[in-house]
**Q** 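Before anything else, here's the structure in question.
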Amino acid sequence: MSARTVSLNDLVGRVVHDVEGRRIGRIEELEAEIELEGDGNEYVVTRFGVGRWGPFDAIASGLFVPQLVRRIARATSYVRYAIPWDCMDLTDPEHPRVTCAERDLPRSSDG
Amino acid sequence: MGAVHLAHDVLDAQLVDRAQEKIGRVDALLLEIEAGRPPRVATIVIGGAARAERVGRWFVAIRRAWRAMFGQREEHVSRIPFDKVRRIGDTIELDVEERSLDSEHLERWLKEHVVCRIPGAGGERK
Amino acid sequence: MKKWSEVALGVVTSIGGFLEVGSIATSTQGGAEFGYRLAWVLLLGILSLAFLMEMTGRLAAVSKRTYADLLRERFGYRFFLLPLVAVFVVSFLVLASEIGGVSIALQMATGISFSWWAIPVALLGWALLWRGTFGIVEKGTALLGLVAIVFAVGALKLHPAWPAVGHGLLPSAPSENRARYWYLAVSILGASISPYLYLFYSAGAIEDEWTIEHLGVNRVTAGLGNLFGGVLAVAALIAAALVLAPRGIRVDRYEQIAMVLASPLGRAGFVLFLATLCITCFGSTLEIVLAIAYMLAQGFGWAWSENLKPGKDARFAMSYTVVILLAAVPIAIGMNPLALTNVSMVATAASLPVTVIPLLVLMNDGDILLNHTNGWPSNIALVIIALLSVVLLLAALPLQLLGGG
């Protein structure tokens with residue numbers, strides 16, 4: 001029963017990795033809804049908006065020029081996931097991890 | 001759908017009390033994380049200390065030193081449970097009263113010790 | 001019917017609002033040293049300001065929040081600190097210059113040295129803000145500011161060669177004194193496009209409870225108001241070109257600027273020049289200090305309004321109190337008002353990117369502006385202004401050093 005208190009400011013912007021250690025992107029948004037159980041007065045986080053902007057990742061992985069060319073060829077390389085709360089492991093809030101594999105994550109239409 | 005976007009719509013939003021008076025902005029939002037449960041949106045934090053933390057540790061230190069110069073050691077921060085939120089729109093309405101908020105301390109202090117000592121300061125609207 | 005009186009008020013406010021110590025000083029310096037050749041820079045400044053004001057006014061009318069509110073809400077606290085600090089520092093310098101303008105006018109009227117006037121002027125300004133409402137501040141400065149029309153009268157009496165003026169309204173670059181020319185261009189742009197102007201305008205739209213119905217009023221006020229005000233600044237430039245340039249007089253004191261109206265209009269011109277300097281600078285003093293207090297209050301979420309008694313918005317009221325009194329200090333200790341003005345204009349020009357670039361994001365955000373986001377003409381104008389602001393930032397320091405005189 002160890003509950004940790006974390007500030008939203010410390011979560012937004014954190015880099016998220018998946019089970020295979022691959023960098024998924026950064027936490028950009030947290031969506032919350034009213035919890036239907038209990039007294040119906042609490043908001044809980046239901047989804048995390050995690051976004052990856054291609055060019056930055058390309059720079060990070062060291063294959064900048066070929067990746068840039070490929071990415072310019074497509075209209076936009078921005079990818080946004082809407083990750084359900086139970087796929088997000090925040091036991092270490094400074095290193096969020098996704099407990100599913102990247103290919104299984106739902107993509108979001110926002111962003 | 002009723003989903004609230006915490007970073008976009010809650011953080012930094014203008015807060016108003018029961019009487020629609022402005023009582024600051026959401027300077028920080030605290031979440032409670034427990035394994036196996038969805039993170040709970042727990043607390044709205046209003047106050048200069050919370051803002052300073054967002055800038056960085058160096059700023060927190062400078063601020064503390066600056067305030068110590070004036071003998072200010074206590075922090076006046078309000079921590080309001082998120083269940084006090086009545087409505088989320090252009091502003092966030094809270095079911096609280098301004099005079100119960102520690103973050104409004106400076107407003108009250110200035111009003112009592114400075115503003116009201118100068119003629120023409122009292123009353124509602126001009 | 002009421003809308004039209006609002007339009008008229010808005011236009012009249014902008015007339016006096018455009019002309020203040022910065023535009024008087026920079027336009028006349030420009031005219032004295034380069035004749036009509038800097039007129040196009042003034043026109044560029046006027047157009048840019050008109051677009052920026054229309055946009056921040058539209059933001060307020062549609063979203064019911066001011067530009068400063070939205071800077072914090074959409075970009076977060078950390079980013080907000082950037083425009084906050086930049087606007088505070090730069091506006092403070094301009095504020096001190098405006099107090100200088102009033103003080104110099106009073107010195108010329110009474111013979112008592114300008115430094116003695118700084119604190120009384122600040123106290124009078126403070127008293128008006130403390131006791132007055134937004135309407136009083138707005139209408140008072142608007143109506144009294146109409147005295148600035150004397151610049152148009154003076155310029156007309158000097159019979160400028162209109163084709164030559166027209167020529168000056170087209171962009172040109174000189175072959176000599178280039179550093180000085182571009183330095184004056186930068187300071188003219190800093191005088192015309194001041195962040196406090198469009199920030200104040202946005203807050204004013206909320207004070208006046210504008211709604212979507214006011215979008216037409218907004219366009220007319222921002223457009224016509226600045227056009228008329230800008231015409232007066234061009235008139236000042238023309239008058240300086242005809243009075244000072246032929247005599248080879250380079251402006252380094254406000255007394256020389258007085259000649260610009262004293263020459264065509266005699267004693268009456270001199271008196272009206274003093275009145276204009278005094279009134280427009282005083283009006284701007286009130287506007288700038290309010291703009292600073294608004295930005296602080298809105299950014300931190302305090303209660304604020306010029307229509308509330310200070311007891312109801314103590315932090316806001318104390319902000320403008322402290323700022324106006326501190327801003328009197330530079331002039332009170334004897335700093336040269338004209339030098340202060342020149343520096344503050346260049347500093348303003350350099351600070352523009354942090355308050356112009358965020359508009360590129362906000363004005364295209366459908367959540368904030370519903371279906372009143374920028375059309376492509378406004379976006380093109382905004383991109384041009386944004387690029388201009390970056391050029392000004394890069395050029396300001398080098399030009400200050402090379403052309404600052």
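Labels below follow one simple rule: chain letters A, B, ... track the order of the sequence lines, proteins then strands, and each chain is numbered from 1.
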**Q** Using non-hydrogen atoms only, which part of B/Arg54 is less than 4.5 Å away from chain A: side chain, backbone, both, or neither?
**A**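 The side chain, not the backbone.
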
**Q** If you apply the rule side-chain contact (heavy atoms from CB on, under 4.5 Å), what do you find for A/Glu29 with B/Leu6, and how did you get there?
**A** CA-CA 7 Å; A/Glu29 181 59 278; B/Leu6 298 179; 4.2 Å; yes

**Q** Counting heavy atoms not belonging to B/Arg64, are there more than 12 under 6.0 Å from its CZ?
**A**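 Incorrect, the count does not exceed 12.
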
**Q** For A/Ala3, does its backbone N or O pair with a side-chain atom of B/Glu32 as donor and acceptor, under 3.5 Å?
**A**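 Not a single qualifying donor-acceptor pair exists.
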
**Q** Hey, which of A/Val44, A/Leu11, A/Thr5, A/Leu90 is the one that makes side-chain contact (heavy atoms from CB on, under 4.5 Å) with B/Leu31?
**A**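 Exactly one option meets the side-chain contact (heavy atoms from CB on, under 4.5 Å) with B/Leu31, and it is A/Leu11.
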
**Q** Restricting to non-hydrogen atoms, name the atom on B/Pro38 and the atom on A/Glu35 that form the minimum distance, rounded to 0.1 Å.
**A**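 Minimum heavy-atom separation between B/Pro38 and A/Glu35: CG-OE2, 4.4 Å.
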
**Q** Specify the closest pair of heavy atoms between B/Ala3 and A/Glu31, including all atoms of both residues, with the distance to one decimal.
**A**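 Closest heavy-atom pair between B/Ala3 and A/Glu31: CB-OE1, 3.8 Å.
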
**Q** Over all heavy atoms of both residues, which pair between B/Gly36 and A/Trp85 is shortest? Give the atoms and the distance, please.
**A**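 Looks like O-CH2, 3.3 Å.
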
**Q** With a 4.5 angstrom heavy-atom cut-off, which part of B/Ala28 approaches chain A: side chain, backbone, both or neither?
**A**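 Looking at B/Ala28, backbone and side chain both touch chain A.
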
**Q** Look at atom CD of B/Gln20 and say whether more than 12 heavy atoms of other residues, nucleotides or ligands are closer to it than 6.0 Å.
**A**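 For B/Gln20, atom CD is crowded (more than 12 foreign heavy atoms under 6.0 Å).
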
**Q** Assess the residue pair A/Tyr43 and B/Ile88 against the criterion (side-chain contact (heavy atoms from CB on, under 4.5 Å)); give the C-alpha distance rounded to whole Å, side-chain angles, the decisive distance to 0.1 Å, and a yes or no.
**A** CA-CA 12 Å; A/Tyr43 274 89; B/Ile88 300 178; 4.2 Å; yes

**Q** Determine yes or no for a side-chain-to-main-chain donor-acceptor pair under 3.5 angstrom, with B/Glu34 supplying the side chain and A/Arg4 the backbone.
**A**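 Between the backbone of A/Arg4 and the side chain of B/Glu34 there is no qualifying donor-acceptor contact (under 3.5 Å).
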
**Q** Given heavy-atom pairs under 4.5 angstrom as the criterion, report whether the side chain, backbone, both or neither of B/Asp12 touches chain A.
**A**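 Neither part.
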
**Q** For B/Ile33, run the side-chain contact (heavy atoms from CB on, under 4.5 Å) check against A/Thr91, A/Val6, A/Val45 and tell me which one passes.
**A**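 Option passing the side-chain contact (heavy atoms from CB on, under 4.5 Å) with B/Ile33: A/Val6.
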
**Q** Can you name the nearest heavy-atom pair linking A/Asn9 to B/Asp27, along with the distance?
**A**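 Taking A/Asn9 first and B/Asp27 second, the nearest heavy atoms are ND2-O, 3.6 Å.
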
**Q** Looking only at heavy atoms, what is the nearest atom pair of A/Glu42 and B/Arg40, with distance?
**A**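 Answer, listing the atom of A/Glu42 first, then B/Arg40: OE2-NH1, 2.9 Å.
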
